[in-house]
Amino acid sequence: MCGINGLFSFSGVGIDRAADNIAAMNERLSHRGPDDRGYWKDPSGKVFFGHLRLSIIDLSPSGHQPMISRNGTTIVFNGEIYNYKEIRERFFKNEQLNSSGDTEILLRLYEKFGEDCLQYLNGMFAFAIWDPAKEELFLARDRAGKKPIYYSIRNGVFAFSSEIKGLLELPYVKAELDEDALYHFLTYNLLPPPMTMFKGISKFHPAYKMKVGKNGIQSYEPYWDVNYSDLSTQSEDQVAQKIREAFTKAVDYRMVSDVPVGAFLSGGVDSSAVVAAMAKRSSHAVKTYSVGFEGQPDYDELKYAAVV
């Protein structure tokens, strides 16, 4: 799962006990990364990153985060870049890399293309990159919003975390109810970004990117939106084949891992199709996990999961 935390004093004023704050944020999110944890401080003393790692790809120490390039560009990253091998082959085939994982590829891709690196990514991600040349913090969240980012700005300090719990570890961020957010939740039964239940804490939109510079947030905008294709000229069989190919490729991407991969199986159409595709690709039985409801036959799908 992994967890990311960070502080950026864009006002130039030093952050009181910043190292202790990052350590506390990491500790609060320790459940997100049992395999490793890291801490980094920019030489200027304005930027601090924390990271918790659940190792999926490249289990070696070379995948440790925060990860720093030769140019001093530094990243904390939560997620997976499914097409990182293709990106590596396309852009970095003849370069000497320090690791075999996707974090370094993402970092190098940013150094090569800047914020346009997002156009090449197929994956689920939330990341923050400190660019020392621009003195700028760049953050982005994946298109579907699978990986979270929350942020807060107080007294010239921009803080971010994978969970609200991390931000509440900061002494100047208080757990105050946002009554407008509560009203929206009780009315619509959901909280759209950037709202959270806490005053002064915002939720990053899916498919958005952000730049934070000397004057705070410089830009916050979408980098992608759903694009609908007109397939009315194609037959049902042709469309079905397109769906089958896209679905199979999506499952294949998500099975790239240096640790065992399993699946939640409810017995419904979606999870059953995923497990069937996994089984077709796998050389051994796929481990699945299901939940049943005793005495509630209308909700209990265990018998269907067993059949699958």
Side-chain angles (χ1 to χ4, degrees), residues 1-6 29 31-35 51-58 63 65 75-87 101-103 105-107 109-110 115 117-129 138-151 160-167 189-197 201-210 220-227 243 246-266 268-271 273-275 277-278 288-289 291:
M1 186 156 53
C2 295
I4 60 175
N5 296 299
L29 269 60
H31 56 281
R32 297 185 68 94
D35 298 323
H51 187 266
L52 297 133
R53 186 182 183 198
L54 176 67
S55 301
I56 302 295
I57 297 172
D58 187 2
Q65 294 187 51
I75 187 172
V76 280
F77 161 53
N78 169 29
E80 288 183 63
I81 306 302
Y82 300 131
N83 64 331
Y84 79 97
K85 291 183 178 179
E86 296 163 23
I87 294 172
D102 51 355
T103 305
I105 295 299
L106 176 54
L107 182 57
L109 199 66
Y110 171 81
E115 60 189 272
C117 69
L118 295 166
Q119 305 307 319
Y120 298 95
L121 302 179
N122 181 342
M124 54 176 181
F125 53 82
F127 66 80
I129 294 177
F138 178 64
L139 302 98
R141 190 179 181 202
D142 64 74
R143 294 166 177 80
K146 291 179 72 174
K147 295 300 180 181
I149 310 178
Y150 297 90
Y151 62 94
F160 67 88
S161 180
S162 293
E163 296 187 25
I164 291 175
K165 299 185 191 78
L167 294 174
N189 200 32
L190 59 82
L191 269 186
M195 283 187 168
T196 71
M197 283 293 188
I201 297 180
S202 299
K203 178 166 53 179
F204 215 94
H205 286 77
Y208 264 60
K209 60 183 178 180
M210 176 187 287
Y220 180 56
E221 58 192 10
Y223 64 86
W224 176 85
D225 201 355
V226 177
N227 179 30
I243 293 173
F247 179 81
T248 301
K249 187 174 183 180
V251 173
D252 285 349
Y253 268 140
R254 284 153 181 79
M255 290 187 70
V256 175
S257 173
D258 293 328
V259 294
V261 177
F264 290 112
L265 176 60
S266 71
V269 173
D270 333 18
S271 63
V274 169
V275 170
M278 291 175 68
T288 61
Y289 303 85
V291 177

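Note that the structure is predicted; figures quoted are calculated from it, not measured.
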Any non-hydrogen side-chain atom of [X] less than 4.5 Å from a side-chain atom of [Y]?
X      : Y      : answer
Arg141 : Phe204 : yes
Thr103 : Ile75  : yes
Thr196 : Tyr150 : yes
Asn78  : Pro148 : yes
Asn5   : Leu167 : no
Val226 : Trp224 : yes
Asn83  : Tyr253 : yes
Phe127 : Val76  : no

Can you list the steps and then say if Tyr110 with Phe138 is a ring-ring contact (aromatic ring centres under 6.0 Å, His included)? CA-CA 10 Å; Tyr110 171 81; Phe138 178 64; 5.7 Å; yes

About how many Å separate [atom2] of [Y] and [atom1] of [X], when rounded to the nearest 0.5 Å?
X      : Y      : atom1 : atom2 : value
Arg143 : Leu121 : CZ    : CG    : 6.5 Å
Met195 : Lys203 : CE    : NZ    : 10.5 Å
Ser202 : Ile149 : OG    : CD1   : 12.0 Å

What do the steps show when you test Arg32 against Leu54 for side chain to side chain contact (heavy atoms under 4.5 Å, CB included), and what is the final call? CA-CA 7 Å; Arg32 297 185 68 94; Leu54 176 67; over 6 Å; no

With sequence neighbours excluded, what pairs up with Arg254 under the salt bridge (Lys or Arg N to Asp or Glu O under 4.0 Å) test?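 Partners of Arg254 by the salt bridge (Lys or Arg N to Asp or Glu O under 4.0 Å) criterion come out as none, since no residue qualifies.
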
Partners meeting salt bridge (Lys or Arg N to Asp or Glu O under 4.0 Å) with Lys165 (sequence neighbours left out):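 Listed in chain order: Glu163.
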
Between [X] and [Y], which heavy-atom pair has the shortest distance, and what is it?
X      : Y      : answer
Pro206 : Ala144 : CB-C, 3.9 Å
Val261 : Ser257 : CG2-CB, 3.6 Å
Tyr84  : Ile105 : O-CG2, 4.0 Å

Please determine whether side chain to side chain contact (heavy atoms under 4.5 Å, CB included) holds for the pair His205 and Tyr220, giving the CA-CA distance in whole Å, both sets of side-chain angles, and the decisive distance to 0.1 Å. CA-CA 9 Å; His205 286 77; Tyr220 180 56; 2.8 Å; yes

Do Glu86 and Tyr120 have side-chain atoms, one donor and one acceptor, less than 3.5 Å apart?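 Side-chain D/A pair, Glu86 to Tyr120: absent.
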
Check whether more than 12 heavy atoms from other residues, nucleotides or ligands sit under 6.0 Å from atom CZ of Phe247, and answer yes or no. yes

Centres of the Phe77 and His51 rings: under 6.0 Å? no

Those residues that, when tested against Lys209, pass side chain to side chain donor-acceptor pair (under 3.5 Å) (two or more places apart): Glu115

Phe125: which of Leu106, Asp102, Ile81 passes side-chain contact (heavy atoms from CB on, under 4.5 Å):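 Of the listed options, the one satisfying the test is Ile81.
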
Could you walk me through whether Met210 and Tyr151 satisfy the side chain to side chain contact (heavy atoms under 4.5 Å, CB included) test, starting with their C-alpha distance in whole Å, then the side-chain angles of each, then the deciding distance to 0.1 Å, before giving a yes or no? CA-CA 11 Å; Met210 176 187 287; Tyr151 62 94; 3.7 Å; yes

Run the side chain to side chain contact (heavy atoms under 4.5 Å, CB included) check on Leu29 and Ser162 step by step: do they pass? CA-CA 8 Å; Leu29 269 60; Ser162 293; 3.9 Å; yes

